[in-house]
Structures are given as structure tokens and as C-alpha cells.
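Report on the structure given below.
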Amino acid sequence: MTAYLDRLNAEQRAAVETLDGPLLVLAGAGTGKTRVLTTRFAHILMSNRAFPNQVLAVTFTNKAAREMRERVSAILGRPAEGLWLGTFHALCARMLRRHAGVVGLESNFSILDTDDQLRLLKQVMEANHVDSKRWAPPALMGIVQRWKDRGLTPDRITAAEDTDFASGHARALYAAYQDRLRQLNAADFGDLLLHMTEILRTQPEILAQYHRMFRYILVDEYQDTNVVQYLWLRLLAQSHQNICCVGDDDQSIYSWRGAEVENILRFEKDFPGARVVRLEANYRSTDPILGAAAGLIAHNEGRLGKTLRSGRNDASGDKVEVVGLWDSEEEARMVGSRMEQLRRDGHSLAEMAVLVRAGFQTRAFEERLITLGIPYRVVGGQRFYERAEIRDAVAYLRLLVQPADDLAFERIINVPRRGVGDVALRTLHSYARANSVPLMLAAERLIAAGELRGRVRESLTELLSGFASWRELMARDGHVVTAATVLDESGYTAMWKADKSPDAPGRLDNLKELVRALNDFETLPGFLDHVSLVMENEENTDADRASLMTLHGAKGLEFDTVFLPGWEEGLFPSQRSMEENGNKGLEEERRLAYVGLTRARQRAIVSHAANRRIYANWQSSIPSRFIEELPAEHVNQTGAARLEREQRLSQPAIFTGAFPLTATRVRQSPGAWEATARPPRAVAIPVGSRVFHQKFGYGTVTAVDDDRLDIAFEQTGPKRILDRFVEKA
DNA sequence: AGGTTAGTAATTTTT
DNA sequence: TTACTAACCT
């Protein structure tokens with residue numbers, strides 16, 4: 001019955017069995033955090049302390065939610081259904097649909113993504129005569145989001161906090177934006193939390209209802225919660241205080257998104273009588289990796305303090321390698337050849353990852369891996385919902401559910417092209433504004449009044465009658481058929497079928513996937529929530545590929561081998577982080593380094609290049625301070641890091657040319673120079689040859705300029721490629 | 001209305 | 001360097 005408890009160590013077991021009252025579980029990296037959380041959840045159910053729908057379990061990512069659901073099911077031995085388990089946003093959306101009226105919305109409100117948000121903010125700025133060229137809309141979006149993160153409605157913002165943007169009009173713009181959202185019957189991501197917290201704050205009977213409902217609350221990644229999430233949790237936990245938060249202050253890396261480490265640091269004050277359990281036995285990494293990570297993070301102040309110790313029996317291992325390279329290209333070659341070496345030794349690529357500070361850094365590694373023929377995947381990037389075709393399709397569906405959704409209307413009004421441009425749209429806008437009606441209704445009335453003519457009138461009439469018939473169809477035949485019909489009859493799929501660009505087939509596939517996914521939902525509104533809050537791109541995890549991703553993206557993952565390139569001052573720690581947030585920024589960068597190191601089970605290879613190409617020109621850089629902070633006994637330093645540093649100090653003149661000077665290059669090991677030289681062209685590739693490129697596929701050479709080939713690729717069109725990247729087909 | 005070109009800005013992004 | 005936006009031309 002309780003066999004699942006036997007698999008836990010003493011501290012994990014304490015975390016699972018301390019069920020009453022507030023509990024903070026400080027879970028160091030690799031200490032079995034997820035196991036504790038899921039076992040605790042299952043334990044609550046198995047011991048009959050609560051029914052599945054009486055436990056509220058909150059995560060930050062859909063992935064974490066999914067994983068928890070699966071693992072709870074596995075322990076229970078049956079599918080876990082009826083759970084309140086999900087992300088903050090998904091759970092709030094679900095609640096807010098029930099109480100939308102309290103904050104002036106209808107329950108079918110639309111959820112806006114950042115793109116809609118930005119467009120709306122820009123419109124609000126223009127309507128309030130704030131020049132959107134002088135004041136950047138994205139900056140305002142950031143300000144508004146931070147306010148929302150802190151649970152601040154416009155009326156709660158003090159004048160003192162409103163001085164920077166638009167000469168102190170940010171608060172007014174925020175208020176106008178919120179009004180506009182209400183008119184559109186829409187909420188942005190931040191609103192989901194903000195509105196729900198507001199409702200719980202002001203409506204005691206609704207709060208009481210949730211108090212009766214949720215007997216236990218579980219929270220993952222508590223160090224990443226922001227103020228409004230904290231307030232929401234505190235309100236919900238108020239009565240019984242059965243709240244268990246799991247987190248690691250050393251892994252707090254999202255302060256720039258409004259996360260407050262203080263939440264976890266303050267837990268015992270916020271929840272009097274709280275118990276604290278520390279999970280310190282690490283089952284993931286070797287001793288040297290743990291030692292290096294611990295030594296590094298010890299440089300931070302204001303930590304709750306944990307001492308990771310090894311829980312593995314086989315924890316001895318190689319020291320953390322620190323490799324100094326000449327330039328970023330050599331760094332990419334080093335990573336590539338080490339991967340090849342490991343692969344020859346029987347290691348799987350899926351167990352190797354390159355973790356970079358910023359997205360653009362992956363490119364250099366991609367190029368190298370392509371030339372070496374090492375399969376890889378870039379993790380992160382665009383999510384399913386963010387793709388243009390999905391957003392367009394969703395806009396059509398949103399309008400079906402909610403005709404007042406002007407943002408959706410604007411998005412699709414001329415997609416596909418209907419000859420409705422700026423001029424026509426402006427006419428609609430001015431009528432809509434003057435009469436306080438949605439754009440769709442404005443269009444209808446202007447057509448009836450004969451104010452619109454020609455092509456515009458024709459295509460708008462067609463679109464409007466389309467929507468009318470689609471609504472009927474939905475009532476009759478359901479949302480799946482309707483969605484497919486909408487995409488067809490609106491001309492949207494035809495638009496992509498006619499598109500000759502190489503990604504058009506993929507987009508059509510995505511649309512098919514969207515319609516297919518509709519089958520899993522009873523209603524269209526339910527599906528729309530799923531798409532904007534949950535749906536992700538499916539990745540083919542089957543193939544053996546190395547992973548390239550940002551350090552942020554790597555949180556929660558682990559690999560046998562982890563490459564940590566670019567440990568240079570200015571890049572990592574990032575200059576901007578330090579400039580904007582001073583020591584706090586630096587400490588967060590250090591936590592990021594800590595997260596990176598602790599992803600590794602067996603091997604961690606840190607590297608830094610003396611020269612790096614930023615945009616067009618070369619810049620020299622010095623090794624990251626984090627390298628010096630790694631305890632020497634756990635590190636094996638190779639390469640000319642020290643030498644480079646001294647050399648640069650004695651020779652302040654850096655290169656002005658496009659490539660490092662040969663004279664300094666001699667300082668490198670003999671092999672380095674050889675490897676740097678351009679490999680001789682194996683076979684001449686004349687014009688007209690059919691060639692193959694790892695990334696772009698097959699193509700025909702149309703022109704040759706020394707080592708550069710103009711190639712017309714069959715899939716992706718014309719490109720200029722260095723000859724060594726292609727082979728004769 | 002829609003395509004073309006010049007100018008400008010360039011972290012991290014769980015929802 | 002590239003990618004995206006905004007004014008500009010057809």
C-alpha cells in the first residue's frame with residue numbers, strides 16, 4: 001500500500017509525510033524534487049485525506065504539469081482525473097471563466113498573447129497621443145507586465161512609481177489599456193492572475209468556496225513565483241494553511257520576469273509555524289561537479305543555504321574541465337570533436353547538451369555540427385501557438401466565439417488578401433470608436449449604410465456572411481467540422497496552398513494538427529484555452545540528437561555531458577544584466593551558471609574564447625569571473641587562458657582586421673593552427689552541379705565565386721553557401 | 001494596396 | 001552580420 005514511501009530517503013520521506021500545516025521543501029539540484037512532489041500528491045490521495053479534486057497542484061510549465069500528472073497516475077495505478085493540476089495561468093483561466101463577471105468580463109473572454117498585447121498597447125498609446133516612436137511600445141508592455149506581476153491594478157500604482165515612461169503617463173496608459181481589454185472582453189496572461197487575485201481579495205464568498213474545495217496545495221518551483229502568484233497562493237491557503245512549496249533559491253533565474261526570490265526567503269515569516277525540510281542528497285552528479293557548483297554558488301550572499309552532498313555510490317568522476325580557446329570558431333570545433341569522441345566511445349548524443357547564455361550563440365555550434373554531420377536539435381524557439389498560421393487560425397476561431405474580439409478581427413481581416421487595407425480599416429475604426437461597437441458590427445452597419453464600396457464591400461460582405469453561416473454550422477455540426485470549414489471557406493488554407501515558399505507545407509501540416517487536436521475537446525472555448533495556454537510543439541524525441549539550448553531552457557533537465565561555452569566577462573555574466581541590476585544581476589548570472597553545471601551527471605566542460613565575433617567585427621574577451629570562482633581542486637584547466645590574459649594586458653592593441661593576427665596565433669598549441677586553416681577543397685564543384693547540404697537539402701549550383709557557391713535549393717530556394725558545407729550529390 | 005528599400009537595433013522568455 | 005520595421009514608390 002505504501003511501497004512508494006520505501007523508495008525515499010529520510011529527508012524526502014519527511015517532506016512527503018509532513019502533511020499538515022505549511023511546509024517549505026528546499027530541494028537542491030538533483031535531489032529528487034519531482035519525486036517528492038508527486039509522491040506527496042499520491043500519498044495525500046492514497047491515505048484518503050482528500051479526493052483528487054481537493055488538491056491544488058501548481059507548476060510553472062505545462063511540461064512539469066504533464067510530468068506530475070503522469071507520475072501521480074503511475075503511483076496510483078490508474079489515470080489521475082479531475083485534478084486541479086496545472087500551470088498558474090491555466091488554473092487561473094479555469095477559475096476566471098467562472099467568475100469573469102466580477103471583473104467586468106464575460107466568461108467567453110479571449111486570452112491575448114504578447115503580440116496582441118503589443119498591438120493593443122500601441123493603439124492605446126496612439127489614442128492617447130503618446131508618440132510610439134519616441135516611446136517604445138515593448139517598453140510599456142514590460143512596465144505593465146511588471147505591475148501585473150506585482151499584483152498592482154492601475155489604481156494601486158503610486159505617482160512615485162510612474163515617472164519614467166512617457167513623462168509619467170504609463171499609469172494612465174495602463175488604465176486605458178485595461179479599459180480597452182474589458183471592452184474587447186479580453187485578458188492578457190498577466191490578467192489571469194491579477195483578476196483572479198482581485199476576485200479572491202474582494203469576494204469573501206468566492207474565496208470561501210475555494211477554501212472548502214482545496215484541502216491541500218502543492219507548489220513547484222516556488223523560487224520563481226512573482227508577487228501576484230504569491231498573493232493568489234496565500235489567499236487560497238489562508239484557511240487551512242496546508243501549503244507545501246518546493247523550490248531552490250539557488251536556482252532562481254527569472255527575476256527579470258518578475259520572480260521574487262524573496263518569496264522563498266520569506267516563507268517562514270509568511271506562513272508562521274512553517275516546517276522546513278532540506279533535500280541535500282544529490283543523486284545526479286559526480287563529486288567534482290557538485291564540488292565545483294557548490295564552490296561557485298557559495299559566492300552569492302543571502303542564500304537560505306544548503307550543502308549538497310552526494311547520494312550516489314559511484315560519485316567519483318573527472319574534474320570539471322575548463323578549456324581556453326583562441327576564438328569562438330575554435331570553441332565550436334572543440335565541442336564538435338569532443339562530441340565525436342564521446343560518440344565513438346559509445347555515448348549517445350541524446351545525453352549531450354550545449355548550454356549557452358543567449359540564443360544567438362547556438363548558431364556557431366549548429367554550423368559546426370552540420371559540417372560534422374552530428375544530428376542535433378535546438379530546444380526552445382517558437383512555440384506552437386506563436387506560429388503565424390496557428391495565430392491566424394486561432395483568430396478566426398476566436399471571432400467565432402467572440403465577435404467583439406477586435407484584435408482577432410484586425411489580424412484576419414486581410415489574411416488572406418481581401419483588398420481591405422489601411423484606408424478601409426481606418427473607416428471601420430472610426431465608426432467603431434464613434435459608436436462604441438466592435439469592428440465586426442461596424443463593418444456590418446457600414447455595408448448596410450452603403451458607406452463602403454467596391455472590392456472592400458464585396459469581400460467584407462462575403463466574410464461576414466461566412467461568419468454567420470459558420471456560427472450556424474457550429475450549432476448544428478459541432479466545432480471540429482466548423483473549424484475545418486472556416487479555414488477552407490475563408491480562403492485561408494488556399495492561401496498557404498498557393499504559397500510557394502518552402503515552409504508552406506509545414507504550415508499546412510500545423511493547421512491540420514490544429515484541427516486534429518480539436519477532437520480532444522468538447523467545446524471550442526475549451527480548445528482555445530488549451531491552444532493559448534498549453535499546446536506546445538511536439539518534438540520527435542526518438543532520434544539520437546545532441547541538444548542545443550539556453551541555460552534558462554535547460555532548467556529541470558539533465559544530461560551525462562554538458563558543454564558550457566562562452567564563459568567570458570560581458571557574455572556570461574552578461575554585461576547588460578550587471579549594468580541593469582548591479583550585484584543582484586551578477587548573483588542571478590551566477591545562479592544561472594550553477595544551474596548549468598548541475599545539469600551534468602558525468603562531465604561538464606566549461607570553455608571560453610579569447611576572441612569572439614560580435615556582428616561584423618572581432619572582439620577580445622577575458623575569461624568569466626565564474627571560472628576563477630570554481631574551486632581549483634575540482635577543476636582541470638587547459639588551454640591558454642592565463643597566457644591570453646597576460647598577453648592582452650601587455651598588448652592593448654587588439655585586432656582591427658577581420659581575423660586574428662597570425663603572430664599571436666603562434667602562441668597556441670601547434671595543432672590549433674592546423675585545425676584553424678581552411679580545409680582544402682576536396683572536389684571542384686562547377687556550375688550546374690547537383691549538391692547536397694546538411695540543412696538545406698538538395699540544390700543546383702548557379703554560380704561560383706572562389707569558395708562561395710550560389711545554390712538554388714529545391715526546398716528553400718537560392719542561398720550563398722561556402723563550398724565545404726556541401727557535397728556533390 | 002502592395003511591394004521595395006533604407007534604416008536601425010541586436011539577452012534570458014516556463015504562460 | 002542579420003532581421004525587422006517604417007517610409008516610399010509603383
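The figures here come from the full heavy-atom set of this structure, side chains too, leaving out hydrogens, waters and symmetry mates. Just so it is clear: chains get the letters A, B, ... in the order the sequence lines come, proteins before strands, and each one is counted from 1.
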Is the CD atom of A:E462 crowded by more than 12 outside heavy atoms at less than 6.0 Å? no
Candidate list A:D224, A:T225, A:L233, A:D249, test side chain to side chain contact (heavy atoms under 4.5 Å, CB included), partner A:N263, passing option: A:T225
Starting from C1' on B:dT15, measure out to NE2 on A:H552 and report it in whole angstrom. 15 Å
Nearest whole angstrom, please: distance from the C1' of B:dT12 to the CD of A:Q361. 11 Å
Identify whether any heavy atom of A:S577 sits under 4.0 Å from a base atom; if not, whether one sits that close to sugar-phosphate; answer base, sugar-phosphate or nothing. base
Taking any heavy-atom pair under 4.0 Å as a contact, classify A:V423: base, sugar-phosphate, or nothing. sugar-phosphate
Please check if the number of heavy atoms outside A:R234 that lie under 6.0 Å from its CZ is greater than 12. no
Is the distance between the ring centroids of A:W256 and A:Y254 under 6.0 Å? yes
Measure from the side chain of A:Y254, starting at C-beta and using heavy atoms only, and say which of B:dA1, B:dT13, B:dT11 lies closest. B:dT13
A:R257 atom CZ is separated from B:dT11 atom P, nearest whole Å, by 17 Å
Listed in order of residue number, which residues of residues 84-93 of chain A have a non-hydrogen atom at under 4.0 Å from DNA chain B? A:T87, A:H89
What integer distance in Å separates A:Q619:CD from C:dT1:C1'? 14 Å
Quickly work out the A:D422 CG to C:dT5 C1' distance and round it to whole Å. 14 Å
Rounded to whole Å, please give me the gap between CZ in A:R417 and P in B:dG3. 5 Å
Looking at B:dA1, B:dT15, B:dT11, which one has an atom nearest to any side-chain atom of A:A358? B:dT11
List the steps, then state whether side chain to side chain contact (heavy atoms under 4.5 Å, CB included) holds for A:L193 with A:N226. CA-CA 10 Å; A:L193 265 302; A:N226 59 33; 5.6 Å; no
Do the side-chain N or O atoms of A:S532 get closer than 4.0 angstrom to the phosphate oxygens (OP1, OP2) of B:dT15? no
Nearest to side-chain heavy atoms of A:K122, which nucleotide of C:dA6, C:dA3, B:dT15: C:dA6
Separation of A:R455 atom CZ from B:dG2 atom P, in whole Å? 7 Å
By a 5.5 angstrom centroid cut-off and a 30 degree plane limit, is there stacking between A:F360 and B:dT11? no
Looking only at side chains, do A:Y376 and A:E366 share a donor and an acceptor under 3.5 Å apart? yes
Rounded P spacing from C:dT2 to B:dT13 in Å: 22 Å
Would you mind classifying the nucleic acid contact of A:E589 as base, sugar-phosphate or nothing, using non-hydrogen atoms under 4.0 angstrom? base
In whole angstrom, what separates A:K148's NZ from B:dT13's P? 22 Å
Residue whose nearest DNA chain B nucleotide is more 5′ - A:G553 or A:A424: A:A424
For B:dG2, take OP1 and OP2 only and decide whether either is under 4.0 Å from a side-chain N or O of A:N414. yes
Is the closest side-chain donor-acceptor distance between A:N185 and A:N108 under 3.5 Å? yes
Closest-nucleotide ordering on DNA chain B, the 5'-leading residue of A:L592 and A:R418: A:R418
Please enumerate all residues that pass side chain to side chain contact (heavy atoms under 4.5 Å, CB included) together with A:R94, with sequence neighbours excluded. A:W84
Can a donor-acceptor pair under 3.5 Å be found between the side-chain atoms of A:R357 and the base atoms of B:dT11? no
